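The structure appears right after this line, and notes come after that.
Per chain, numbering begins at 1; letters A, B, ... match sequence-line order. What you see is a predicted model; the values in this text were computed from it and never measured.
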Amino acid sequence: MNMPAILERDITPTGNDYDLVRQVIERISLDYRSQPSLEDISADLGLSPARLQKTFTRWAGLTPKAFLQAVTLDHARRLLGTEGLPLLDASLELGLSGPGRLHDLFVTHEAMSPGDFKSGGSGLVIRYGFHSSPFGTALVMTTDRGLCGLGFADPGGEAEALEDMAKRWPGAKLEHDQAGTASLATQVFAPGSWSADRPLRIVLIGTDFQVKVWEALLRIPLGSARTYSDVATEIGKPSASRAVGAAVGRNPISFVVPCHRALGKSGALTGYHWGLTRKRAMLGWEAGQLGG
DNA sequence: ATATTAATTCTCC
DNA sequence: GGAGAATTAATAT
């Protein structure tokens, strides 16, 4: 008996909504030029506009119309423009814009280089479990020091996701621990619960360069975005945007380390390890979290 | 407007 | 060393 009771009440009641959200995003991405109407989309998906409206609002805190608005290129450009703007009243981000405060207050992290990992961490035990999330099934991986991995799987793709993540830590011992990762999963997807009292502890395992890039990502506030070259400049290597892109793509703790807030200079979403659709979904969802 | 090219930095094999 | 990557700016269709 694996204590399924804990699992039952985990996470978002909205876990199943992502499937619908995903289809909508794919639909509008297909020909975003024509700005399909709500009726068009609901007809395509074979459900009523009312149902679509309801599900969306529950999922994102945004009406479908506002959501469509939020995933346009225009909106992405606006995110890039919010450098020093008054984001401060967004309760979540209070204190985050001060340099470095984030690590102390909400997310504590420690970095582990591949060298450290090899010598000291070869016996490292990583426990993992699959949990529903606003963005589909999430693969949550943790060491006793904190969250070390977060990935996503489409339906039926769990094994693939696990393999993808496992490859990153060849020496580690993986243990399936569904119950033990459940509360962590809950915390991860309720960013409002991250606080000084209960910071989310994460462990960044990567090269110096990668860790620097991921730390830079952690400093991007909710509801804002940076270009790859912004990040490159921030870590003191202005011409390394391409390398930054590669490092962002290797981010092992997606969502928590907000790699979805890195955009191309034009505002285009240039790539995402777990699928561009998910990146769009995260940006749209975050727009809703701001209280919009 | 969209496609191709060159410059660029870091990783991995 | 060489290829590839979630880039970008410049150049050519």
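- Judged purely by atom type and a 3.5 angstrom limit, A:Thr72 has no side-chain atom pairing as donor or acceptor with the backbone of A:Leu68.
- The side-chain hydrogen bond (donor to acceptor under 3.5 Å, both in side chains) with A:His260 is formed by just one residue from the set A:Glu286, A:Arg280, A:Lys279, A:Arg278; it is A:Glu286.
- In this structure, CG of A:Leu217 is placed 14 Å from P of C:dT7, rounded to the nearest angstrom.
- Taking atom C1' in both C:dA5 and B:dT8, the straight-line distance is 12 Å, to the nearest Å.
- Contact check on A:Asp230 versus A:Arg261 returns no salt bridge, with no Lys/Arg side-chain nitrogen under 4.0 Å from an Asp/Glu carboxylate oxygen.
- In this structure, A:Phe56 and A:Phe67 have tilted ring planes: the angle between them lies in the 30° to 60° band.
- Applying the 4.0 Å criterion to OP1 and OP2 of C:dT7, one finds that A:Thr270 has every side-chain N and O outside that range.
- Which of C:dA6, B:dT8, B:dC10 sits closest to the side chain of A:Lys237 comes down to B:dC10.
- Between the CZ atom of A:Phe255 and the P atom of C:dA6 there is a distance of 22 Å, given to the nearest Å.
- Rounded to whole Å, the distance from OH on A:Tyr272 to P on C:dT7 is 15 Å.
- Ring-plane geometry between A:Trp194 and A:Phe255 is classed as perpendicular, the angle between the planes exceeding 60 degrees on a 0 to 90 degree scale with a lower cut at 30.
- Regarding A:Gln210, its CD atom lies at a distance of 17 Å from the P atom of B:dT9, rounded to whole Å.
- To the nearest 0.5 Å, atom CG of residue A:Asp19 and atom CH2 of residue A:Trp59 are 12.5 Å apart.
- At a non-hydrogen distance threshold of 4.0 Å, A:Ser241, A:Arg242, A:Gly245, A:Ala246, A:Val248, A:Gly249 from residues 240-251 of chain A come into contact with DNA chain C.
- Note on A:Tyr228: a base of the nucleic acid sits closer than 4.0 angstrom, heavy atoms only.
- Atom CH2 of A:Trp274 and atom P of C:dA6 are 13 Å apart (whole Å).
- Listed pair A:Thr207 / B:dT11 meets the phosphate criterion, a side-chain N or O lying under 4.0 Å from OP1 or OP2.
- One atom, CG of A:Leu269, and another, P of C:dT8, lie 12 Å apart when rounded to the nearest Å.
- A:Glu26 and A:Arg22 are joined by a salt bridge, as a carboxylate oxygen and a charged side-chain nitrogen come within less than 4.0 angstrom of each other.
- Which of C:dT8, B:dT8, C:dA6 sits closest to the side chain of A:Lys265 comes down to C:dT8.
- The nearest whole Å value for the distance from the CG atom in A:Asp164 to the C1' atom in C:dA6 is 14 Å.
- A donor-acceptor pair is defined here as one N or O able to donate and one able to accept, closer than 3.5 Å; such a pair exists between the side chain of A:Asp40 and the backbone of A:Ser37.
- Rounded to the nearest 0.5 Å, atoms CD1 (A:Ile28) and CG (A:Asp44) are 12.0 Å apart.
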Encoded 5' to 3' (Watson-Crick or G-U under 3.5 Å; [ ] crossing; | other strand), DNA chain B becomes |||||||.|||||
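- Checking side-chain atoms of A:Gln178 against main-chain N and O of A:Phe130 turns up a donor-acceptor pair under 3.5 Å.
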Residues A:Thr270, A:Leu263; criterion side chain to side chain contact (heavy atoms under 4.5 Å, CB included); working and verdict | CA-CA 6 Å; A:Thr270 47; A:Leu263 310 177; over 6 Å; no
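- Residue contacts for A:Thr227: at a heavy-atom cut-off of 4.0 Å it reaches the sugar-phosphate backbone alone, with no base atom in range.
- A distance of 15.0 Å separates CD1 of A:Ile126 from NE2 of A:His176, quoted to the nearest 0.5 Å.
- Put simply, A:Ser229 has no side-chain N or O that comes within less than 4.0 Å of OP1 or OP2 on C:dT7.
- Shown for residues 275-285 of chain A: no residue has heavy atoms falling under 4.0 angstrom of DNA chain C.
- Atom pair A:Glu234:CD and B:dT9:P shows a separation of 19 Å (rounding to whole Å applied).
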